[in-house]
Amino acid sequence: MSVRVRFAPSPTGRLHIGSARTALFNWLFARHEKGAFVLRIEDTDRERSRKEYLDTILSDLVWLGLTWDEGPYYQSLRLSLYQEFARSLLDSGKAYYCYCSPAELTLKKEKAILEKQPVKYDGTCRMLSLKQKSAFESEGRKPVLRFLCPENVKLSVEDAVRGKVDFSSEVLDDFVIVKSDGFPVYNFACVIDDHDLKISHVLRGEEHLSNTPRQLLLYRAFDWIPPIFGHLSIILDENRKKLSKREGSTFLDEFREAGFLPEALLNFLALLGWAPKENKEKLPLEDMIQRFALNGIIKSPAIFDFKKLEWMNSQYIRELTPEQFTEAVIPFLKKAGFLPEKELKEEKNRILPFISLYQERIKKLKDFPEQARFFFLEEIDLDLSVLKKWDKPELIFLFEELLGKIRNSSFRSEDLEKAVREFADLKGIKAGDLIHPLRYFLTGQENSPGIFDVMVSLGKEKAILRIEKGVLTLKRLMNPA
RNA sequence: GGCCCUGUCGUCUAGCGGUACAAGGACGCCACCCUUUCAAGGUGGAGGUCGCGGGUUCGAAUCCCGCCAGGGUCACCA
C-alpha cells in the first residue's frame, strides 16, 4: 500500500509554528516513503475562514519548501460529497435532524455544569415525529444533523507514536456532523476526505487525539478502514503552556521576518519532537528525509528553545556563499531603508565584501541592519559619555599624527593595521589604545568586525572624514569654547 | 470536574533489563585560551537521587502497580 499523507490547515489564522512542524513531519514521511503529500484546505467555517490567511499559509509552505504533490483540495468545494454521505447516514438511521437552538443547548450545558453532570447532548431530537419536525420547520428553525452515537462501544486506536489508546463511547454524545448552514463539521468532513483521498497515515497534533474516537465511530458507521493515526505532541512555551500568541514568535511569518533561514527552521523543528537514531543535531533536508521514521517521533511535549533555534540558524548562515548571504540580507536592508527598492548590480558588488564580514557574526538576518547601520548611514552620532573614556590631550596629538599616516596609506587592510601598530610601537603605547577610539569614531559603536576591514569597506574618504570628526568632537569635549 | 496524553541535566534529547549508564550528545550557562572590541573558534567545567513511592528481578532510567505533577480536550472551531 502506498503512503499518502495530508496536511490540512484551516484558513482561520496564519500558519502556526506547530502546524508548520506537523506539515514537516508529514512531508518528511511522504518523501521518505516515496509517497504523496497532499494539501487540503479545511475551510468549512464560513465565519472565520479568510482568503488572506489562505494566501499566507500557502506562501509560507512554499517558502519552507514543503510543497505538495496533490491539491490543494478545498472542502468548501466538495460539499456535495459530504451531503451524499450525510444522506446515507440519515437513511440508515445512523444520523438524525436536531432542531435544538444554540440558546437552548447552552442553557442545558450550563445546567449540567452546575449539577456537575457530564456535558452531553441529551438526545431530545432523536425520536422526533414528523409533526414535531414540521412544527419546527414552520418556526423557521434550520436543523443540524447529528450522528447517533451507539452505546457501550469500546474504541481503541493503535497510535503510531503513542501505542494503544483506549476510549469508551460513554464519554461521547450525539455530535453534530452537518451544521445548520449545510456545511460539514470538522470531524465529519475530515473522515470523508481522508477516506476519499485514500490517506494512509494521519499525522496531526495531539489536540486531535480526543477527536479520534468520534472519527472512529464514523469509520465504523461507513464500514471503512481507518487510516493509521499518529498524534504529535504539543509544542510548549517557556511556561509549559501551549505556544500562544502572547509569546511573540508563534507564527511562521514572524520567523521569516526575523531572518531565519527555511532550512534552519526546518532542521530545528524536526528536532523538536523527533530524533534520528544517531542523535545528530545538524541535519540537512536530505539527511532528514533519509532518516525519518515514525518510531523516532517523541511522545512527550517539547518546549520551544529560541536560543537553540538561533544557534541552528547561525550554523546554516555560515554555510551560504558570500553571494547567497548577500542576497539573503538585501531584503532586510531594503526594509530598514538602507537600500533602495531597486538595487543595482554594482551596488550589490560594492557592499558584498562588507556584508561578508558579518556572516559568522549574526544569528538572524535581521541582526545585520541593526549591527551595521553605521555603514549605511551618512552621519553617525557620537555619544559624549563614551568619548569621555579618551579625553586625554596627548591622544589628540597622536591621532592627528596618525591621521597623516592613514591619509598616505594604500588603504589596504593589512597596510592600515601595520601602520597603526608600528605607530603605537613607536609611541610606546598599546595598539588597542588607538584601535578602540578609532572603532568608535568610525562606527559609533564599541564593537564591530575587525576595524581595518571596516575602514576599507567604508572607503578612504569616508573613513578619514569620520576619524577627523571624531578627533574634533573629542577636542571640543576637552575645551568647550 | 470527566476522558486522554506525558514525565532522563535549565532546554532539546540518547538510552528500551546487565558489556565504563556511579546516565552520553547538543543548545544555553561559567572559566580559560585566542584576540583590536563583540561575536566566532579552541579547551575545560558546573549542571540529572532518570517525577515520587512501592514491587518484579541476581540486577531497573529501562518491566508492573499506585501516587503526584504538567499538558491536551470536552462547540453548529478546526
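Throughout, a chain's letter reflects where its sequence line sits, starting with A, and its residues are numbered from 1. Below, all heavy atoms of this structure are taken into account, side chains as well, without hydrogens, waters or symmetry copies.
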Using the [atom1] atom in both, what is the distance from [N] to [M], to the nearest Å?
{"N": "B:G28", "M": "B:A39", "atom1": "P", "result": "12 Å"}
{"N": "B:A31", "M": "B:C4", "atom1": "C1'", "result": "47 Å"}
{"N": "B:C9", "M": "B:C50", "atom1": "P", "result": "9 Å"}
{"N": "B:A14", "M": "B:C77", "atom1": "C1'", "result": "39 Å"}
{"N": "B:C30", "M": "B:U13", "atom1": "P", "result": "24 Å"}
{"N": "B:U43", "M": "B:U37", "atom1": "C1'", "result": "22 Å"}
{"N": "B:G51", "M": "B:U8", "atom1": "P", "result": "6 Å"}
{"N": "B:A46", "M": "B:C5", "atom1": "C1'", "result": "34 Å"}

### Query
Are A:K164 and A:D166 ion-paired here, with the side-chain N under 4.0 Å from a carboxylate O?
yes
### Task
Would you mind checking if A:K282 and A:E319 are paired as a salt bridge, meaning a charged N to carboxylate O distance below 4.0 Å?
yes
### Query
Mind checking who B:U35 pairs with, Watson-Crick or G-U wobble, both distances under 3.5 Å?
none
### Task
Kindly point out which of B:G7, B:U73, B:C27 is positioned nearest to the side chain of A:W311?
B:C27
#### Entry: Candidate nucleotides B:C4, B:C12, B:A14, ranked by approach to the side chain of A:I298 - the nearest
B:A14
Provide, to the nearest angstrom, the distance between the [atom1] atom belonging to [X] and the [atom2] atom belonging to [N].
{"X": "A:L442", "N": "B:U37", "atom1": "CG", "atom2": "P", "answer": "16 Å"}
{"X": "A:L434", "N": "B:U37", "atom1": "CG", "atom2": "P", "answer": "14 Å"}
{"X": "A:R214", "N": "B:C77", "atom1": "CZ", "atom2": "C1'", "answer": "13 Å"}

Short side-chain N/O contact from [X] to OP1 or OP2 of [N], under 4.0 Å:
{"X": "A:K277", "N": "B:A14", "value": "no"}
{"X": "A:R46", "N": "B:C77", "value": "no"}
{"X": "A:K179", "N": "B:A78", "value": "yes"}
{"X": "A:S233", "N": "B:C5", "value": "no"}
{"X": "A:K120", "N": "B:G2", "value": "no"}

### Query
Are A:Y358 and A:F325 an aromatic pair by the rule of ring centers under 6.0 Å?
no
### Query
How do A:R240 and A:C98 order along RNA chain B: which one's closest nucleotide is nearer the 5' end?
A:R240
### Residue whose closest nucleotide on RNA chain B lies nearer the 5' end, A:R421 versus A:K363
A:R421
### Task
Report which part of the nucleic acid A:V176 touches: base, sugar-phosphate, or nothing (heavy-atom distance under 4.0 Å, all strands).
sugar-phosphate
### Message
Using a heavy-atom cut-off of 4.0 Å across all strands, would you classify A:F452 as base, sugar-phosphate, or nothing?
### Response
base
### B:G25 base / A:E281 side chain donor-acceptor hit below 3.5 Å
yes
### Task
Report yes if a donor N or O on one partner sits less than 3.5 Å from an acceptor N or O on the other, where the partners are the side chain of A:N211 and the base of B:A78; otherwise report no.
yes
### Message
Using the rule side-chain contact (heavy atoms from CB on, under 4.5 Å), only one of A:L294, A:L232, A:V161 pairs with A:F25; which is it?
### Response
A:L232
#### Entry: Minimum side-chain heavy-atom gap A:L272-A:D305 below 4.5 Å
no
### Task
Check whether any side-chain heavy atom of A:Q75 sits under 4.5 Å from a side-chain heavy atom of A:R40, and report yes or no.
yes
